[in-house]
Structures are given as C-alpha cells and as structure tokens.
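So the structure is just underneath, and the comments pick up after that.
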Amino acid sequence: MALIVQKYGGSSVSDAESIKRVAKRVAEAKKAGNDVVVVVSAMGDSTDELIDLARQVTPMPPQREMDILLTAGERISMSLLAMAINNLGVKAKSFTGQQAGVITDAVYGKAHIVDVVPVRIRETIKSGTVAIVAGFQGVNRTSNDVTTLGRGGSDTTAVALAAGLSADVCEIYTDVDGVFTADPRIVPSAQKVDRITYEEMLEMAACGAKVLMLRCVEFGRRYSVPIHVRSSYSARTGTLVTNEPAPSSSESEDQAVEDPIITGVAHDRSEAKITIVGVPDVPGTAARIFEVVATSGANIDMIVQNVSAASTGLTDISFTLPEADGPQALAALRAVQGEIKFDSLQFDDQVGKLSLIGAGMKSSPGVSARLFGALRDAGINIEMISTSEIRISVVTREDSLNDAVRAVHSAFGLDGESEAVVYAGTGR
Ligand code: ADP
Ligand code: ASP
Ligand code: MG
C-alpha cells in the first residue's frame, strides 16, 4: 500500500462534470488499496475572476482581505470534490489549508510555508478516508490570519504535504501530458520529457514554465519528493522529476560528452523593463539605484548598462522585473531622481523573455550563435541578453515571443514527430 498525494489544477476541476471525472480517478486510486491525499486548486480561472472582482471594488485592495478572498476559490472546489467522491461510495473529507496544518510566514499574497503539521490529515487517512486539502493557502501562526502562497501555489501545497506525510509520490495532474521541451500551447511539436532533474526543472520553472511552481520544485529537491507531472485527462505516464538524470540513450552515444545538453525552451510574459536614461557614469551610481529598487521590494532579473557616451559621460541602465513590482520601483526611483541626477525613466510592459535551458551552455559559444541566428532568421530583434552556465535568456517584444520560442525550439532540433495534446485550460 502506498501513500499518494494527488494535486488537481484548476482546469482539471473547471466544472461539475470535471469534478466528477476527477472524483472517479481519486476513488480508483483509493480502491486500488492506496492511502490518498488530494490537493485541489480553484475551479478554472476563478482565482483570476476573484482578482478582477476585487479590482472593480477598489484599485488597491488591502492584502489581508485579498488573501481571504482568494482562499475562497479553493474552498469551493475542495468541498465539491469531497461530495463527488462520497457519492461514489468512497469516504472523503475536505480541509482548508489551516485545518490541514499548513503554517506560513506573514507575507500576504506570496507567503512561504514554514511548517506542515498535518495532524488531522494523518487521522483522516488512518480512518480510511480520502483527505481533500485546499491548495494555495495556509495560516500565519502569530496573527492567525489566512495567507496565500502566490500564483500556482497549490503545487507547493501538494509537494509540502507529500514531504510532511513522507508520501511515496506526489502526482501533479494538469491539462497536458507532462513537462515538455516547450509550452505545448505555443509549440505543438514540443516533446514530452520522460524524466527531468530537480535542477533542470528549477531552471525551467524560474524562467516561466508554469507547469510547476518554482517553489514546489525547491521543496521537492530539499525533501527528495518524487514528483510525477501528468494529465488528469489521460492514463499516460507523465514526467518524473527526480534526482537521477535520464539514462543516456544510444543515440546520444555519438555525441561528444562535452556537447551541451538542451532541456528545453521556456518563456515568460510577466516581466516588464525599466530604463533609467542619462545616468551619470560615476562610481556608486549603480549601487545607489539598485539599493533604492531593492528597498521598494521589487525583484530584479536582468540588468544591462550601456557604454557611456564619451562626450556626455552619461549612460542608460535597463533592468527587468515582475510587471507587478513596476509601480513601486518607479515611485522609489522618481523619489531619488534629483539625488542621482538621471534624465528620465521609461517603463515598458510589452516585453517577453525567452530562455534556452540546458547543461554546458557557457562553454559552448556555438549555442549562443545558433540561438541568435534562429532569431535573426525569424526577423526578431533582441533587446537584452543574459547567460549562465545552464541558461541563455533574451528579451524580445512580447508580440514576437511565440514566434521566437518556435524558432529556437526548431533550431535546436527539439521538434518531435507527433503533436502535443493540450486537453483543456485557457492558458491564462
Ligand atoms: P494547472 O491549472 O493544472 O495548475 P497550469 O496552467 O498552472 O495548470 O500549468 C499547466 C500549463 O503550463 C500547460 O497548460 C502549459 O500551457 C503550460 N506550460 C508552460 N511551459 C510548459 C512546459 N515546458 N511543459 C508543459 N506545460 C507547460
Ligand atoms: N488558484 C491559484 C492560482 O490560480 C493556485 C493554483 O491554481 O495553484 O494561482
Ligand atoms: Mg498551476
């Protein structure tokens, strides 16, 4: 008998029919003799709809109230799923994050899990009942307020619970067959990866592949939780995220051992770019600028500083950050314009980021050349570049991002023969 944690994403429980379909799957796993804990997301796009609703009431909803509002989404799906499972003759009980013992810090909207105390979940499984847990939420011990874990947070609830319960596996059920070499919604010829290491998956998730939330992969790696990403619409084996790399195939034996091994192409539309125009090129300016931005609470991703024009001694500095952090960062910079003496600020939210991920990038200059060549052939302009040992990222116009992803995916020979299936969801 195994202990399985299953997580079903929003598109898998978007209406009554889907909930009944998921209930059947859960009941089958239970009837096969397993102990089953289920983590569930809010129905369909209901989290986005709740956010839209709050914005119609006020442009700046208080964060505490926002979290209370958003936790309602997962409470609806958890109770409906428990009802549907009971209706199939299998005992099931639903629990909020708080009832399930998911303890977080006090950061509303992007709280971190600090402890998992699943006392009631253990009792429930012991009594032969399926435990259904609302994903994406927890409680802060000090304030006793409910918190949410950030978008996609149900993945993290699932892996954290799997770690806390020492489950045999954490199954993430979604609307595609697993982790692909690129988002199958954009690249139909993307191929499913059978196995991927935590490190590779961390990089894919950090670069925008939202099939798994970044923090759930970090949790999985820290506690060695095997994560199986698969479709709730098919019986196909999905992608296993583990410590062990895939065994090398016979094909790759021809490959020189030092050749870069490409994992995939990820993309991200959620960033924006700020350019600080006419910055005096003197020591300490960059330090001051990024001190100010850091205090505003913004997370910075790529930074580019141009060579200063000799005649003026002025330079431009651009950086990317999550679009949502833009307003605070801009306000903080405006406040020190006189002190730093820069000319002006530009904000651009129409940017997209493409990242090519794989091992051995930095030592293979041919990789960047091939990537830039693919973008040139597709007529796509590169605005920023950053590289690391396992990643090359470029910023492009947002409306050419899909073409860029397809071009780079093909250029690195990642296209497969068959078309990837997207079973449901809106991609929102
Ligand atoms: P859920 O509602 O199940 O949590 P998400 O929408 O959060 O689902 O994540 C699944 C989606 O992630 C897929 O529908 C797909 O569009 C997107 N995605 C992005 N990159 C990848 C990738 N490399 N492999 C698979 N899916 C990806
Ligand atoms: N419902 C939340 C969201 O849409 C959490 C999740 O789906 O994982 O982000
Ligand atoms: Mg998700």
Side-chain angles (χ1 to χ4, degrees), residues 6-14 18 22 39-52 66-67 69-78 97 109-111 133-138 147-160 171-194 196 200-201 203-217 227 229-233 238-239 241 262-270 354-357 401-402 405 409 414 416 420-428:
Q6 300 188 329
K7 178 256 171 179
Y8 291 91
S11 57
S12 299
V13 292
S14 58
S18 316
V22 165
V39 174
V40 72
S41 289
M43 294 170 70
D45 289 332
S46 61
T47 304
D48 290 293
E49 285 153 16
L50 290 172
I51 295 172
D52 291 347
M66 200 64 198
D67 273 16
L69 175 70
L70 295 190
T71 56
E74 269 71 10
R75 290 178 181 221
I76 294 172
S77 46
M78 76 177 195
K110 44 183 172 188
V133 179
F136 171 62
Q137 55 182 271
T147 50
T148 64
L149 310 180
R151 300 309 305 270
S154 300
D155 295 341
T156 304
T157 306
V159 178
E171 298 178 335
I172 304 280
Y173 285 92
T174 185
D175 51 15
V176 290
D177 277 315
V179 179
F180 284 73
T181 47
D183 186 342
R185 250 174 240 278
I186 295 180
V187 187
S189 57
Q191 301 175 66
K192 193 191 80 188
V193 183
D194 292 333
I196 188 168
E200 291 169 311
M201 193 60 231
E203 208 59 29
M204 289 286 281
C207 293
K210 69 164 182 160
V211 61
L212 284 181
M213 192 204 201
L214 175 61
R215 286 195 351 242
C216 102
V217 189
I227 304 174
V229 185
R230 57 191 308 190
S231 166
S232 69
Y233 295 82
T239 301
V241 190
I262 308 292
T263 308
V265 184
H267 72 279
D268 192 348
R269 290 176 214 286
S270 67
L354 172 152
S355 303
L356 179 71
I357 290 144
L401 187 60
N402 288 359
V405 172
H409 193 267
L414 297 172
V421 187
V422 178
Y423 295 92
T426 58
R428 188 169 174 183

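Just follow the structure's listing: the first ligand is 1, and inside any ligand the first atom is 1. Values below: every heavy atom of this structure, side chains too, minus hydrogens, waters and symmetry copies.
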**Study point:** Considering all heavy atoms, the nearest Ser41-Val13 contact
**Key:** O-CG2, 3.7 Å
Practice item. Would you please say whether a donor-acceptor pair under 3.5 Å links the side chains of Asn402 and Arg185? Key: no
Exercise for review: Consider ligand 1: state whether an atom of it lies below 4.0 angstrom from any non-hydrogen atom of Val176.
Suggested key: yes
Review point. Are Met201 and Val211 close enough that some pair of their side-chain heavy atoms sits under 4.5 Å apart?
Key: yes
Check your understanding: Side-chain contact, heavy-atom cut-off 4.5 Å: Val39 with Phe136?
Key -> no
Practice item. Below 4.0 angstrom from a heavy atom of Ala209, which ligand 1 atoms are there? Numbered from 1 as shown, please. Key: 20 (N)
Exercise for review: For Lys110 and Arg215, work out which heavy atoms get closest and say how close.
Suggested key: O-NH1, 4.3 Å
Study note, to complete from the structure: Restricting to heavy atoms, the pick from Thr174, Thr263, Ile172, Asp183 nearest atom 21 (C) of ligand 1 would be Asp183
Exercise for review: Note the single closest protein heavy atom to atom 24 (N) of ligand 1, along with its residue, its atom name and the distance in Å.
Suggested key: Phe180 N, 2.9 Å
Check your understanding: Do Asp183 and Val405 come close enough that some side-chain heavy atom pair is under 4.5 Å?
Key -> no
Revision key, fill the gap. Heavy-atom closest pair (Ser12 atom, Ser18 atom, distance to 0.1 Å) is O-CB, 3.3 Å
**Study point:** Validation row: Arg151, Lys210 side chains within 4.5 angstrom (heavy atoms)
**Key:** no
Practice item. Determine whether the side chains of Asp67 and Thr148 contain a donor N or O and an acceptor N or O closer than 3.5 Å. Key: yes
Exercise for review: Could you tell me whether the side chain of Val193 reaches within less than 4.5 Å of the side chain of Thr181, counting heavy atoms only?
Suggested key: yes
Review point. Quick one: which ligand 2 atoms are inside 4.0 Å of a heavy atom on Glu74?
Key: 1 (N), 2 (C), 5 (C)
Review point. Is the closest N or O pair between Thr181 and ligand 1 shorter than 3.5 Å?
Key: no
**Study point:** Reported CD1-to-NE2 distance for the pair Ile186 and His267, which is rounded to 0.5 angstrom
**Key:** 3.5 Å
Revision key, fill the gap. closest protein heavy atom to atom 11 (C) of ligand 1 is Asp175 OD1, 4.0 Å
Practice item. Please name the pair of heavy atoms, one in Thr174 and one in Tyr233, separated by the smallest distance, quoted to 0.1 Å. Key: O-CD1, 4.0 Å
Point to revise | Contact (N/O only, under 3.5 Å) between Gly10 and ligand 2 | key: no
Practice item. Run the numbers for me: atoms of ligand 2, each under 4.0 Å from some heavy atom of Arg151, listed by number. Key: 3 (C), 4 (O), 9 (O)
Review point. Numbering the atoms of ligand 2 from 1, which are under 4.0 Å from a heavy atom of Ser41?
Key: 6 (C), 7 (O), 8 (O)
Check your understanding: Going by the atom numbers of ligand 2, which of them fall below 4.0 Å from some non-hydrogen atom of Ser154?
Key -> 5 (C), 6 (C), 8 (O)
Check your understanding: Numbering the atoms of ligand 1 from 1, which are under 4.0 Å from a heavy atom of Gly178?
Key -> 24 (N), 25 (C)
Point to revise | ligand 1 to Met204 polar contact by distance, N or O atoms, under 3.5 Å | key: no
Review point. Within less than 4.0 angstrom of ligand 1, does Gly264 place any heavy atom?
Key: no
Practice item. Work out which heavy atom in Leu70 is nearest to a heavy atom in Thr47; give both atom names and the distance. Key: CD2-O, 3.9 Å
Exercise for review: Please examine the side chains of Thr157 and Gln137, heavy atoms only from C-beta on, and report whether any two atoms are closer than 4.5 Å.
Suggested key: no
Check your understanding: Hey, is Lys210 touching ligand 1 through its side chain, its backbone, both or neither, going by heavy atoms under 4.0 Å?
Key -> both
Check your understanding: For Pro184, is at least one N or O under 3.5 Å away from an N or O on ligand 1?
Key -> no
Practice item. Could you tell me which atoms of ligand 1, counted from 1 in the order shown, lie closer than 4.0 angstrom to a heavy atom of Arg185? Key: 14 (O), 16 (O)
Exercise for review: State the atoms of ligand 1, each with its element, that fall below the 4.0 Å cut-off from a heavy-atom position in Val179.
Suggested key: 24 (N)
Check your understanding: By number and element, which atoms of ligand 1 are closer than 4.0 Å to a non-hydrogen atom of Ser11?
Key -> 2 (O)
Exercise for review: Please work out whether any backbone atom (N, CA, C, O) or any side-chain heavy atom from C-beta onward of Met213 is under 4.0 Å from ligand 2, and answer side chain, backbone, both or neither.
Suggested key: neither
Point to revise | Gly9 heavy atom under 4.0 Å from ligand 2 | key: no
Point to revise | Nearest protein heavy atom with distance in Å, relative to atom 2 (O) of ligand 1 | key: Gly10 N, 3.2 Å
Point to revise | ligand 1 contact on Lys7 by region, counting heavy-atom pairs under 4.0 Å | key: side chain
**Study point:** Heteroatom proximity flag, Ser41 to ligand 1, N/O under 3.5 Å
**Key:** no
Review point. Is there side-chain contact between Ser46 and Ile76, with at least one heavy-atom pair below 4.5 Å?
Key: no
Revision key, fill the gap. For Gly152, the atoms of ligand 2 under 4.0 Å from one of its heavy atoms are 3 (C), 5 (C), 6 (C), 8 (O), 9 (O)
Study note, to complete from the structure: for atom 27 (C) of ligand 1, nearest protein heavy atom and its distance come out as Val211 CB, 3.7 Å
Check your understanding: N/O of Thr47 under 3.5 Å from N/O of ligand 2, yes or no?
Key -> yes
Check your understanding: Can you find a heavy atom in the side chain of Arg230 that is under 4.5 Å from one in the side chain of Tyr173?
Key -> yes
